[in-house]
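Inspection log for the structure reproduced underneath, given as structure tokens.
The structure displayed is predicted, hence computed values, not measured ones.
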Amino acid sequence: VYSLPSKKLVVLQIRSPFIKNKYRPFCQTLLSWVKNSKCARVVLLSSSHAYQRDDEQLLGTPLRYLLTPDLEKAVGGLMQELNWKEMEKVAAYPGINDTEKVLHIPGGGITKLLFTESCSEGIQMAVLLKFCSEGDNIPDAFALVNYLNEWLQLIKSDVNISTQWKMPSSWRLLFGNGLPPALF
């Protein structure tokens, strides 16, 4: 958990998978905390498997957003001004019935559950996500946080904004230790 009181910002980073059948109680507890803490809005940064995009999702930017109805009323117009692309719904039964569309976020973990629960609970939530592939996702993380900054203006946008973000120390060992020099 990180906080920046000057910006009235709290960041919760979840980097581990959930124990089977424990993700729903976690989501309920988290959203309960959001409501009890009187958070103005929640911004969820997430990803989705790039290889499971449908044809429509292959076009344009790999960045998408979702807004709960309560947040849509407040900032929906701004997203249009930014020319952001809303996450497309996909066919529930591709090839059989293409008219019935559903929200599908493969590889997004608890993103869809948090979003749908926030919709029904009246919580103002935005989901910003990027279609990602396996491997080194550090550039994807910077792209996603720059996307967030485009909207919320957390830091001043310069030519090379990525150099202004502080990388978590845990990323140094993201792929384990380097090869021992004795190998060469």
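P62 places a side-chain heavy atom less than 4.5 Å from the side chain of K130. When side chains are defined from C-beta on, L103 counts as touching K112, because their heavy atoms get closer than 4.5 Å. Looking only at side-chain heavy atoms (C-beta outward), H104 and M87 stay at 4.5 Å or farther from each other. The side-chain heavy atoms of I123 and K35, taken from C-beta on, include a pair separated by under 4.5 Å. The closest side-chain heavy-atom distance from L129 to L45 is not below 4.5 Å.
Closest of all the heavy-atom pairs between S47 and I105 is O-CG2, 3.9 Å. The shortest non-hydrogen separation linking L30 to L12 is CD1-CD2, 3.7 Å.
Within a 6.0 Å radius of CD1 in I19, other residues, nucleotides and ligands contribute 12 heavy atoms or fewer.
Looking only at atom types and distance, the side chain of W165 has no donor-acceptor partner in the side chain of N149 under 3.5 Å away.
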- Pair F115-L44, side-chain contact (heavy atoms from CB on, under 4.5 Å): steps then yes or no: CA-CA 9 Å; F115 179 73; L44 174 60; 5.8 Å; no

- Task: Dump the intermediate steps for side-chain contact (heavy atoms from CB on, under 4.5 Å) on R64 and E88, then the final yes or no.
- Result: CA-CA 8 Å; R64 297 292 191 276; E88 302 87 349; 3.0 Å; yes

- Message: As a quick check of understanding, evaluate side-chain contact (heavy atoms from CB on, under 4.5 Å) for V102 and K89, giving each step before the final call.
- Response: CA-CA 5 Å; V102 296; K89 291 187 175 183; 5.9 Å; no

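In this structure, the side chain of Q52 does not engage the main chain of H49 through any donor-acceptor pair within 3.5 Å.
Ring planes of Y147 and W84: parallel class, angle under 30° (limits at 30 and 60°).
Y65 and V42 are not part of a single hydrophobic cluster, where members link through side-chain heavy atoms under 4.5 Å apart.
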